[in-house]
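Here is the structure we will look at.
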Amino acid sequence: MLDHEYTTKKVFRENFFKDWRKEMTRQERLVITDLEKCDFRELHAFHKDKVEARKALSKEEKQDQKDANQKIVDKYGYCLLDSHRERIGNFKLEPPGLFRGRGEHPKQGMLKKRIQPEDVIINCSKEATPPAPPAGHHWKEVRHDNTVTWLASWTENVQGSIKYIMLNANSKLKGEKDWEKYEVARKLKSCVDSIRDGYLRDLKSKQMVARQRAVALYFIDKLALRAGNEKEEGETADTVGCCSLRVEHITLHDELDGSECVVEFDFLGKDSIRYYNKVPVIKKVFKNIKLFMESKDPGDELFDRLNTALLNKHLSSLMPDLTAKVFRTYNASITLQQQLRQLTNKSDNVAEKLLSYNRANRAVAILCNHQRAPPKTFEQSMANLHSKIVARKEQLALAKTELKLAKKEMKTKDGPDSKLMVDRKAAAVKRCEDQLLKMELQATDREENKQIALGTSKLNYLDPRISVAWCKNMDVPIEKIYNKTQREKFAWAIDMTEADFEF
DNA sequence: TACAAAGACTCAGAAAATTTGAG
DNA sequence: TCTCAAATTTTCTGAGTCTTTGT
């Protein structure tokens, strides 16, 4: 913790010290009055040593550890739902620690307290025997609510929010919910044209609310922005989504880089990830935004008459179950399908097909603004890969000359041995070429992926049936695109999808 | 009936843990 | 086949969205 940048932040230090003092005895409080004078290095070293000691364990000891952990999973990691044994997603409750939060969180550094059995609500069926609380303790409550999916819950002390113990993504329950989500998005496909016509028409509405709603929908549809609920000021980091955009987040350019009517976005979104984009928009949208911004201060809301409740209410009147986030799912999935069609050739080899798949996935991640910090070792690993490629090229050149030599020799002294030699050398050349191509594709993929996180879209936005159908059509084994966990999560799609599936 | 707060669930990237593969 | 670093997978828990509840 000490080597983290956030321990140097003023807010973090102040919050921590304030909460720490609350935990001190009267004597301690008298002595410890200034965080600057506290030296945690010994404590830090103690923890570091512990980590090192664990790393240094022998093979057998590590295996013992693993077995012991597995036993815990076997005992506590499952529940019985509708007489099916299902894996629990997070069966361990959150240990105490210092709250970090993302971005400039006003509560960073606060003490996250240890959860006691007295804080925990157990939710199980009436017939079930609830788990026994630790000796000398009791649960806050044992209830039997079959309208919700959680098994246990508690209220966390930093933000006052409720935390839940829920099922793993590979459970039947979550799988069905996932399927429903994509079915709603597919329904949107069939009426998106008329919805688009609708909001384009509303851009000229006499009512300000309708115009603001239309522009917001235009952004949500075109740019896959999140809805943007209002947040309590001072309780969380200052981030926004579509409906909560402020004037300061937008710059208008009548003309920019050869395009007309360009909107420049610059704001912090979910998890304080920066959204920066310059987008040419249609004239009517541009004019409306100008109008919305008129005589407003930078800190004022762009859509002062609109909020997510109003927006979603309107959407649900256009299509059952339609909300702002469905547009993200729909646009993500339809983009994947289009990109896969555009980028992949049946005649490509598997490595080339996989690069295309990753590129299609990447197009979606960019649309949804899924970013990651470039890996710390990125430059090094890139350099390593390039030097490997150079080495392989040299090896290939050598293999080629050897092949030529072998062919020459076969001509001079015709015999089974020299024929064998030619075959062997030819195979070596082929192998070398394949490996070289594979590495070059890998280098391209990695370079393009430097700051892009593919996982989130793959796991949460892309209808898995599109990928399964693509694999079938392209003769790519499903294991190449989904690892074991992902295959478990998407088992429903892998089971039911035919090659002709269309999103 | 409106609207705010509470509740329940999905989605999010970082970090830790584990596996892989090159030498 | 052993070792080590890099790559991949898993875990963790915070941050959103949207629905339900209560006043």
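The sequence lines fix the lettering, A, B, ..., with proteins before strands; numbering per chain opens at 1.
- For A/Lys231, whose side chain is taken as the heavy atoms from C-beta onward, the closest listed nucleotide among C/dG14, C/dG16, B/dT10 is C/dG16.
- Within the nucleic acid shown, A/Gly228 comes within 4.0 Å of sugar-phosphate atoms alone, with no base atom in reach, counting heavy atoms only.
- Counting any heavy atom pair closer than 4.0 Å across all strands shown, A/Lys55 reaches no nucleic acid atom.
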| message | Generate the contact string for nucleotides 12-23 of chain B. Rules: B means base contact, S means sugar-phosphate contact only, - means no protein heavy atom under 4.0 Å. | response | SBSS-S-S--S-
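- Under the side chain to side chain contact (heavy atoms under 4.5 Å, CB included) rule, A/Tyr199 has a single partner from A/Val215, A/Ile220, A/Asp221, which is A/Asp221.
- In terms of modelled atom types and a separation under 3.5 Å, the side chain of A/Thr497 and the main chain of A/Ile494 share no donor-acceptor contact.
- The interatomic distance linking A/Leu322 (CG) with C/dT17 (P) rounds to 15 Å, in whole Å.
- Applying the 6.0 Å contact sphere to CZ of A/Phe40 captures more than 12 heavy atoms from other residues, nucleotides or ligands.
- Aromatic ring orientation, A/His4 versus A/Tyr6: parallel (interplanar angle below 30°, classes split at 30° and 60°).
- The aromatic rings of A/Tyr275 and A/Phe265 lie perpendicular to each other, with more than 60° between the two planes, well past the 30° mark.
- Residue A/Asn229 places none of its side-chain N or O atoms closer than 4.0 Å to OP1 or OP2 of C/dG16.
- Nearest heavy atoms, A/Val184 versus A/Met319: O-CE, 3.6 Å.
- Atom CG of A/Leu459 and atom C1' of C/dT11 are 13 Å apart (whole Å).
- Residue contacts shown for A/Ala324 are limited to sugar-phosphate atoms, with no base heavy atom under 4.0 Å away.
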| task | Heavy atoms under 4.0 Å is the rule here; annotate nucleotides 3-9 of chain B 5' to 3' with B where the base is hit, S where only the sugar-phosphate is, and - elsewhere. | result | ----SBB
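- Counting heavy atoms from C-beta on, the side chains of A/Arg362 and A/Leu454 come closer than 4.5 Å.
- In this structure, A/Leu315 places its CG atom 15 Å from C1' of C/dT19, rounding to the nearest Å.
- Toward the 5′ end of DNA chain C lies the nearest nucleotide of A/Arg446, the other residue of the pair A/Glu94 and A/Arg446 mapping further downstream.
- Counting only distance, with no hydrogens or angles, the side chain of A/Asp119 and the backbone of A/Ile115 share no donor-acceptor pair below 3.5 Å.
- Other residues, nucleotides and ligands contribute at most 12 non-hydrogen atoms within 6.0 Å of the CG atom of A/Asp82.
- The aromatic rings of A/Phe99 and A/His105 lie perpendicular to each other, with more than 60° between the two planes, well past the 30° mark.
- Distance CG (A/Asn312) to P (C/dG16): 17 Å, rounded to an integer number of Å.
- Computed from coordinates, the A/Glu104 CD to C/dG14 C1' distance equals 16 Å when rounded to whole Å.
- As judged by a 4.0 angstrom heavy-atom cut-off over every strand, A/Gly241 is placed among residues making no nucleic acid contact.
- The CG atom of A/Leu98 sits 12 Å away from the P atom of C/dG14 (whole-angstrom rounding).
- For C/dC18, neither phosphate oxygen OP1 nor OP2 lies less than 4.0 angstrom from any side-chain nitrogen or oxygen of A/Lys313.
- Rounded to whole Å, the distance from NZ on A/Lys181 to P on C/dC18 is 12 Å.
- Using a 4.0 Å cut-off, no side-chain N or O of A/Lys484 falls inside it from OP1 or OP2 of C/dT9.
- Both A/Gln159 and A/Val326 lie close to DNA chain C; mapped to their nearest nucleotides by heavy-atom distance, the more 5′-ward contact belongs to A/Gln159.
- Judged by distance alone, the side chains of A/Lys458 and A/Ser467 never bring a donor and an acceptor atom under 3.5 Å apart.
- For A/Asn483, a side-chain nitrogen or oxygen approaches OP1 or OP2 of C/dT9 to under 4.0 Å.
- Side-chain nitrogen and oxygen atoms of A/Lys92 include none within less than 4.0 Å of the OP1 or OP2 phosphate oxygen of C/dT11.
- Contact annotation: A/Thr323 does not reach the phosphate of C/dT17 (side-chain N/O to OP1 or OP2, under 4.0 Å).
- For the pair A/Leu310 CG and C/dT17 C1', the interatomic distance rounds to 16 Å; values are reported in whole Å.
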